[in-house]
There are 4 protein chains.
Amino acid sequence: MKKKISKSTEERILDAAIKIFSKKGYSAATTSEIAREAKVAEGTIFRYFPKKKELLHGILLKAIDIFGKEIIIKPLEEIIEENKDKSLEEILKVIIINRVKIFEEYFDYIKVILCEIQFHDDIRQLFIDKILKKIIETVERLVDIAKDRGEIKDIESMIIIRSVIGMVFMMLIQRQFVPLETSISNIEEEIDLIIDIFMNGIKKKD
Amino acid sequence: MKKKISKSTEERILDAAIKIFSKKGYSAATTSEIAREAKVAEGTIFRYFPKKKELLHGILLKAIDIFGKEIIIKPLEEIIEENKDKSLEEILKVIIINRVKIFEEYFDYIKVILCEIQFHDDIRQLFIDKILKKIIETVERLVDIAKDRGEIKDIESMIIIRSVIGMVFMMLIQRQFVPLETSISNIEEEIDLIIDIFMNGIKKKD
Amino acid sequence: MKKKISKSTEERILDAAIKIFSKKGYSAATTSEIAREAKVAEGTIFRYFPKKKELLHGILLKAIDIFGKEIIIKPLEEIIEENKDKSLEEILKVIIINRVKIFEEYFDYIKVILCEIQFHDDIRQLFIDKILKKIIETVERLVDIAKDRGEIKDIESMIIIRSVIGMVFMMLIQRQFVPLETSISNIEEEIDLIIDIFMNGIKKKD
Amino acid sequence: MKKKISKSTEERILDAAIKIFSKKGYSAATTSEIAREAKVAEGTIFRYFPKKKELLHGILLKAIDIFGKEIIIKPLEEIIEENKDKSLEEILKVIIINRVKIFEEYFDYIKVILCEIQFHDDIRQLFIDKILKKIIETVERLVDIAKDRGEIKDIESMIIIRSVIGMVFMMLIQRQFVPLETSISNIEEEIDLIIDIFMNGIKKKD
DNA sequence: CATGAATGAGCCTTCATTCAT
DNA sequence: TATGAATGAAGGCTCATTCAT
């Protein structure tokens with residue numbers, strides 16, 4: 001029975017920071033705007049985050065927490081376990097739908113992090129070590145399971161992972177930035193199509 | 001025998017701006033650093049680009065020029081024409097290799113633009129109208145040709161395009177940011193694999 | 001027993017601004033010099049006056065306050081009341097001496113405002129509405145009283161007002177800018193002469 | 001037989017400078033705007049006036065020329081000569097009307113000079129020596145003539161001069177800046193009233 | 001002699017950071 | 001602990017001035 005405690009000051013600041021960073025970018029965001037958004041005095045921010053950059057670290061740490069612990073490891077293993085008898089397509093669909101939901105929920109985190117890893121070496125390293133590698137490891141296990149089942153070709157796992165992530169990522173990006181009109185009404189249908197392409201290719205068989 | 005004329009001041013400034021923007025991000029970049037890089041006085045920048053933001057516009061305009069005129073339209077049609085008799089896989093490979101080269105050559109432009117379209121509505125609109133739509137239109141024609149030839153399944157073109165772009169894009173991103181060790185030595189081999197997945201899927205056929 | 005509280009930061013900045021503006025003019029004055037004069041950091045100025053121009057507004061607002069509330073309305077009525085039985089000349093003298101004192105005390109305000117109303121429409125409008133019209137209204141009442149008493153000719157009030165103000169104004173200007181040697185030692189004597197000219201003209205009666 | 005030669009470059013620059021200075025003030029005016037107004041290149045200005053401030057000097061010199069030679073000395077003497085037999089009022093009226101015309105024609109010069117003498121010692125000194133003293137000397141002669149004729153009271157000439165100048169000046173200022181509605185339709189009528197006040201005072205005689 | 005591109009000092013302004021309350 | 005006034009370094013931008021053409 002989780003009691004909803006009113007957010008701590010630190011949390012409020014971090015939430016505000018994510019919001020502003022994702023809207024303006026890290027550099028263009030100002031601590032004063034973050035303070036206003038968090039409804040604290042500007043000085044208060046610096047009690048918790050003595051340098052502006054530590055807000056970015058704070059965000060990444062929170063992202064590591066969310067993506068790492070709560071999302072990637074546990075649920076993925078669970079999903080596979082719970083769907084042992086299902087086909088690879090079906091498992092993939094469950095996973096992708098789940099990931100997509102998370103992606104959209106934490107879209108602001110992703111935007112900020114993907115942008116800023118270009119400019120901050122420390123942030124990049126942390127991201128690679130604590131998030132990216134974890135994701136890859138986990139997906140790799142999934143691919144290996146599939147390979148063991150003898151269901152997929154013997155292609156370098158990295159390529160496979162990258163491919164499916166790329167396809168899904170592009171779908172998400174498009175949905176966020178360029179809501180071009182497709183005849184495909186809902187996201188589940190889109191995911192089905194992607195999985196179909198991914199699993200069976202686009203070539204017509206005779 | 002093209003003689004390399006010494007670059008105009010405006011070009012030098014724009015080149016410097018791209019370099020600095022891609023290294024630090026638009027907001028964190030300073031006009032004084034750009035001036036230093038371009039070897040001009042800071043004031044000179046403002047003769048050509050009265051506001052810092054116009055440097056960003058200048059970059060986008062140049063990107064539109066490069067991607068639009070020189071790369072997308074003409075060459076793609078040529079490639080298809082020249083490879084009429086080849087298989088779809090072969091044509092795709094030629095195209096992707098060509099695109100990848102361009103992508104890597106103008107990687108700084110892409111980084112800057114993709115980051116900043118999030119924060120500047122005008123930049124985003126220009127990008128969508130002048131680059132993205134053009135790319136999609138062109139690739140769509142390619143897909144339609146393939147569909148006409150009866151070589152690929154009847155899937156929504158947008159999904160197909162997005163998928164292949166996503167796969168290639170992820171490959172490029174990885175090569176740029178996370179040079180993880182793969183057993184795949186060169187890019188051509190990687191492209192072959194991507195095309196194979198894209199065309200034939202990853203499912204093993206019995 | 002009014003205790004002289006140490007001036008607020010805002011007051012110190014405004015006082016410094018008036019001083020520098022009156023010495024150099026608004027445009028030639030720099031915020032850094034004003035900051036130095038006010039003994040605050042340059043950034044502090046912008047906490048109170050986000051744009052340099054708002055310093056000018058601040059000055060005008062203060063002038064409106066001083067000239068409007070404290071000086072023009074109340075004291076003038078009082079003076080007239082208190083000197084009911086005196087001759088017009090005597091009343092005029094009391095008023096002019098009082099005005100002259102104020103004028104000299106706030107000479108910097110006047111210099112700045114009179115110069116800058118030429119260049120800033122908003123400042124001009126405020127000045128006309130809040131100061132000039134008030135002055136004219138008040139003096140007009142005085143003239144009307146004199147006319148009612150039957151002591152002065154029936155000349156358009158505006159002309160009368162303008163004339164006496166012009167005479168006094170010129171005297172003040174001269175005293176400030178061109179301290180030409182006059183045999184008239186003190187200002188009271190000068191005022192007497194002006195009043196004499198104003199009341200009786202310069203023509204010798206036979 | 002004055003031939004109207006097309007204005008020299010120097011003249012065009014000076015005319016442009018007066019125009020811009022009077023609109024924006026000396027400091028806020030830019031050499032580039034002056035160049036545009038004068039239809040010359042920015043560099044050209046500096047062939048004739050190596051420092052911006054020399055434009056101000058140039059303007060003052062031109063004003064000295066206009067006010068000094070052409071206007072004050074010669075015509076005033078002429079007017080007095082030609083109107084020997086007329087009354088002082090009539091002579092005064094002729095003079096004032098003439099002065100007013102000049103004042104309005106060269107209003108931009110006056111505005112610029114009166115503003116800037118506050119901030120530039122050299123300009124002020126020149127103005128006092130070459131214009132103000134000349135005006136005073138001349139008017140003084142006029143007053144002395146009147147005194148000799150026994151027509152006016154024996155008041156310090158300076159006071160007399162200042163008074164009439166102040167009255168006229170205020171009238172002009174008002175006409176320029178605050179065109180308040182007067183029942184007096186035309187300027188001649190106003191001048192008549194001013195002269196009347198000045199000569200006969202405002203007191204009703206019994 | 002005229003041009004206008006280039007300069008760079010210095011301006012107004014912002015904003016991360018400090019610190020007395 | 002929280003505040004917000006004060007700071008001052010640094011940024012974007014302007015503009016008088018120079019100089020090669």
Side-chain angles (χ1 to χ4, degrees), chain A residues 8-10 12-13 24 26-36 38-55, chain B residues 8-10 12-13 24 26-36 38-55, chain C residues 8-10 12-13 24 26-36 38-55, chain D residues 8-10 12-13 24 26-36 38-55:
Chain A
S8 74
T9 305
E10 188 174 342
R12 288 218 322 280
I13 291 169
K24 308 240 174 134
Y26 168 75
S27 274
T30 69
T31 48
S32 104
E33 192 176 358
I34 293 168
R36 213 178 315 125
K39 292 187 206 317
V40 298
E42 205 168 351
T44 307
I45 289 178
F46 291 89
R47 300 208 133 267
Y48 294 90
F49 305 92
K51 300 273 155 195
K52 187 188 177 189
K53 192 151 181 210
E54 289 180 28
L55 286 168
Chain B
S8 75
T9 306
E10 187 173 345
R12 288 212 328 274
I13 291 169
K24 308 241 173 135
Y26 169 75
S27 275
T30 69
T31 49
S32 105
E33 192 176 358
I34 293 168
R36 214 178 313 125
K39 293 189 205 315
V40 297
E42 200 167 354
T44 305
I45 290 178
F46 293 92
R47 283 185 61 79
Y48 293 89
F49 304 93
K51 304 268 157 203
K52 187 189 175 189
K53 195 159 179 202
E54 288 180 28
L55 285 167
Chain C
S8 75
T9 306
E10 188 173 344
R12 289 216 323 279
I13 291 169
K24 308 241 174 135
Y26 169 75
S27 276
T30 70
T31 48
S32 105
E33 191 175 0
I34 293 168
R36 213 178 314 124
K39 292 189 205 316
V40 297
E42 200 168 353
T44 304
I45 290 178
F46 292 90
R47 284 184 62 78
Y48 294 88
F49 305 93
K51 303 269 158 203
K52 187 191 177 188
K53 194 160 179 202
E54 288 180 28
L55 285 168
Chain D
S8 74
T9 306
E10 187 173 341
R12 287 214 326 277
I13 291 169
K24 308 239 173 134
Y26 168 76
S27 273
T30 68
T31 49
S32 103
E33 191 175 0
I34 293 168
R36 212 178 317 123
K39 293 190 204 316
V40 297
E42 204 167 351
T44 307
I45 289 179
F46 291 89
R47 299 210 133 267
Y48 293 90
F49 305 92
K51 302 272 156 198
K52 186 188 176 189
K53 193 153 181 207
E54 289 179 27
L55 286 167

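Computed from a predicted model, the values in this text were never measured in an experiment.
Note: CG (D/L55) to P (F/dC15) measures 15 Å, nearest angstrom. As a whole-Å value, the separation of C/K53 NZ from E/dT13 P is 12 Å. Put simply, CD1 on C/I45 is 17 Å from P on F/dA5, counting in whole angstrom units. The separation between A/E42 atom CD and E/dT21 atom P is 20 Å, rounded to whole Å. Here E/dC12 presents its C1' atom at 13 Å from CD of C/E54, a figure rounded to the nearest Å. Spacing between atom CD of B/E33 and atom P of F/dG11 amounts to 9 Å, rounded to whole angstrom units. As a whole-Å value, the separation of A/K52 NZ from E/dC15 P is 9 Å. Distance B/F46 CZ to E/dG8 P: 15 Å, rounded to the nearest Å.
Pair assignment for E/dA16: F/dT7, on the basis of Watson-Crick or G-U wobble contacts that are both within less than 3.5 Å. Pairing for F/dT21 goes to E/dA2, judged as Watson-Crick or G-U wobble with the two contacts each under 3.5 Å.
Residue C/T31 places its side chain closer to E/dT13 than to any other of E/dT3, F/dG8, E/dT13. Closest to the C/K51 side chain, of the nucleotides E/dT14, E/dG4, E/dG8, is E/dT14. With E/dT13, F/dA16, F/dA5 as the choices, the nucleotide that has an atom nearest any side-chain atom of C/Y48 turns out to be F/dA5. Candidate nucleotides F/dA16, E/dT7, E/dA2 were compared by shortest atom distance to the side chain of B/T44, and E/dT7 ranks first.
For the pair B/K53 and B/Y26, the cation does not sit on the ring face, since its NZ or CZ is not both under 6.0 Å from the ring centre and inside 45° of the axis.
Annotation: of the two residues near DNA chain F, C/K39 and B/F49, the 5′-most nearest-nucleotide partner is C/K39. Each of D/P50 and D/R47 was assigned the nucleotide of DNA chain F with the nearest heavy atom; the assignment lying further toward the 5' end belongs to D/P50.
Atom CD1 of A/I45 and atom CZ of A/R12 lie 11.0 Å apart (nearest 0.5 Å). Summarising the geometry, atom CZ belonging to A/R47 is positioned 10.5 Å from atom CD1 belonging to A/I13; distances are rounded to the nearest 0.5 Å.
Side chains of A/T31 and A/F46 form a contact here, defined as non-hydrogen atoms less than 4.5 Å apart.
Within 6.0 Å of the NZ atom in B/K39, the count of heavy atoms belonging to other residues, nucleotides or ligands does not exceed 12.
At E/dG10, none of the side-chain N or O atoms of C/S32 fall inside 4.0 Å of OP1 or OP2 (strictly under the cut-off). A/T9 has a side-chain polar atom (N or O) that falls below the 4.0 Å cut-off from OP1 or OP2 of F/dA2.
Residue contacts shown for C/A29 are limited to sugar-phosphate atoms, with no base heavy atom under 4.0 Å away.
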